[in-house]
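Okay, structure first, notes after.
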Amino acid sequence: VRPGPIQGGMVHPYLKRRDGIEPVIYPSKEVEQVLVRTLGVSIFQEQVMQLAVIAAGFTPGRADQLRRAMAAWKRKGGIEPFRDELISGMLTRGYTPAYAEQIYKQMQGFGEYGFPESHAASFALLVYASCWLKCHHPAAFTCGLLNSQPLGFYSPSQLVQDARRHDVDVRAIDVLVSHVNCTLEPIDEVASHRLGEDFLANHSPAVRLGLRMVRNLSSEAAERIVAARVESPFFNIADLKRRAQLSTDELKSLAAADALQTLSGNRREAFWGAIGVEDDTFVFEAPAEAKQASLFAPTEGSDIVEDYRSTGLTLRRHPVALLRPRLKANRAISAAEVQSTASGRFIRAAGIVTCRQHPSTAKGTTFVTLEDETGYVNVIVWTGVAQRYRKELVLSRFMFVNGKIERQGRVVHLIAERLVDQTRLLGDLATTSRDFH
């Protein structure tokens, strides 16, 4: 995520040495004592300070000044003023010019992000705990993140899509069962029969989306709904409106979010019912012969569009799944296929743009994330390509990318050579991306 360590030549050498691909070589016994824990690569800020003392002859006080310069993140000129002193000190003590330059570049890398070991340990603990929760309790992990929105890097849609790809059962907003926040529900007997005992033995409870997910519905209105149904469930929209003291606009928001389905049927019928209930009237259930004819159900595409508009996500098929036949006709492969493509192959991928990053430390490189029904494609856009396709890079919500696969271990990137804006394929679908944070 942070390019500083990569630019400083720390990441790839460490990984290669850890995997036994590259030998671990120390230029001296003194350096070995400092770097033996990290396979000869200076990873922590404290190691850089020790190297400055042992290899370049710095006093402890001068080494602390170097640390402060690294921690300043270029705000006070970076570590350039120390270059000559570092290089000459290492040369005087018998280290080669190449090694002296390598150590200096690593220190420059630290100047881009500066991590002491104590911070690394804290982050590592948080990451481990988060990963453990996501692995062993994915429903609770997802539920907690949804209830903490807005936060972090991923939208509710991305969190729900990822959870479902990991076999978490995510259930729709429903005024009869949803609480204000998202909650956990046990797998019921119907689901048990459908999913099987082996599945249930290894998977979490279900996530029920909360009323907080409904756009334009206040938390006070959501609380009134939950409180009103304590004594008995609602039996129609008029009953819901009266007992929860909802306005017509609040009913419309619930109908748009498909949260009234168990009371009134499909989204169109729910919306019609919402606008048909007068503010001062409580209508008991009409006789069967007086019931209105059912409205035609919305198409899958229009339901998905309305899901995104009203809640920011869908529990129906991913929007890109509907476009897959057209994408195949244009020779665009899925994110899952990208992951299994050999390094060096030229391919075309397509997806909804969920993230654009342009770190100041990445020397003009832009990182783009595309999402489809099978996962994500991480796209790297070098400076020249970004300049050539600036409009497409900045404005596209749905993008085709032609480029070359670059694979290193389990990490796969698509190096972009051409960007094509295909936002028109989304029609009325409202998508958002996290851009340039």
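Treat the numbers as computed from the prediction; the structure is a model and nothing was measured.
Only one option out of Arg268, Arg316, Arg309 pairs with Asp303 in a salt bridge (charged side-chain N to carboxylate O under 4.0 Å, His left out); it is Arg316. Among Leu393, Asn402, Val368, the one residue that satisfies the side chain to side chain contact (heavy atoms under 4.5 Å, CB included) test with Leu419 is Leu393. A side chain to side chain contact (heavy atoms under 4.5 Å, CB included) with Leu176 holds for exactly one of Ile225, Leu260, Leu240, Thr262; it is Thr262.
With contacts defined as side-chain heavy-atom distances shorter than 4.5 Å, the pair Pro156/Met213 qualifies. Residues Val353 and Thr369 are not in side-chain contact: their nearest non-hydrogen atoms beyond the backbone lie 4.5 Å or more apart. Within the 4.5 Å cutoff, the side chain of Ile43 has no heavy atoms near those of the Arg37 side chain. A 4.5 Å side-chain heavy-atom check between Leu254 and Glu250 finds every atom pair outside the cut-off. With contacts defined as side-chain heavy-atom distances shorter than 4.5 Å, the pair Arg212/Leu146 does not qualify.
Taking the ring axis of Tyr376 as reference, the NZ or CZ atom of Arg165 stays within 45° of it and closer than 6.0 Å to the ring centre. Judged by a 6.0 Å distance limit and a 45° cone about the ring axis, Arg83 is positioned over the six-membered ring of Tyr104.
Heavy atoms of other residues, nucleotides or ligands lying less than 6.0 angstrom from CG of Asp428 number 12 at most. For Arg215, the CZ atom sits in a packed shell: over 12 heavy atoms of surrounding residues, nucleotides or ligands are nearer than 6.0 Å. Residue Phe123 qualifies as open at atom CZ: its count of foreign heavy atoms under 6.0 Å is 12 or below. Taking a 6.0 Å sphere around CZ of Arg345, one finds it holds 12 or fewer heavy atoms contributed by other residues, nucleotides or ligands. Enclosure of atom CD in Glu406 is not indicated, since only 12 or fewer non-hydrogen atoms of other residues, nucleotides or ligands lie within 6.0 angstrom.
Of the possible polar contacts, none joining the Thr314 side chain to the Tyr308 backbone as a donor-acceptor pair under 3.5 Å is found. Side chain of Arg434 to backbone of Tyr154: no donor-acceptor contact under 3.5 angstrom is found. Judged purely by atom type and a 3.5 angstrom limit, Gln339 has no side-chain atom pairing as donor or acceptor with the backbone of Ala336. Not a single donor-acceptor pair under 3.5 Å links the side chain of Ser264 to the backbone N or O of Glu269. Judged purely by atom type and a 3.5 angstrom limit, Arg348 uses its side chain to pair as donor or acceptor with the backbone of Asn330.
Residues Asn216 and Ser253 have side chains that never bring a donor and an acceptor to within less than 3.5 angstrom of each other. A donor and an acceptor atom, one from each side chain of Thr423 and Asp421, are located under 3.5 Å apart. Under the 3.5 Å distance criterion, with hydrogens and angles disregarded, no donor-acceptor pair is assigned to the side chains of Glu22 and His12.
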Would Arg164 and His166 count as a side chain to side chain contact (heavy atoms under 4.5 Å, CB included) if you check the C-alpha gap in whole Å, the side-chain angles of each, and the deciding distance to 0.1 Å?
CA-CA 5 Å; Arg164 296 179 79 193; His166 289 84; over 6 Å; no
If you apply the rule salt bridge (charged side-chain N to carboxylate O under 4.0 Å, His left out), what do you find for Arg242 with Asp239, and how did you get there?
CA-CA 5 Å; Arg242 181 183 66 87; Asp239 184 31; 3.8 Å; yes
Test Ser247 against Asp249 for side chain to side chain donor-acceptor pair (under 3.5 Å), laying out the working first.
CA-CA 5 Å; Ser247 68; Asp249 284 342; 5.3 Å; no
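The shortest non-hydrogen separation linking Ala257 to Thr311 is CB-CG2, 3.7 Å.
With salt bridges taken as basic N to acidic carboxylate O contacts below 4.0 Å, one links Glu300 and Arg317.
Rounding to the nearest 0.5 Å places CD of Glu371 at 5.5 Å from CD of Gln158. From Ser310, atom OG reaches atom CZ of Arg267 across 5.0 Å, with rounding to the nearest 0.5 Å.
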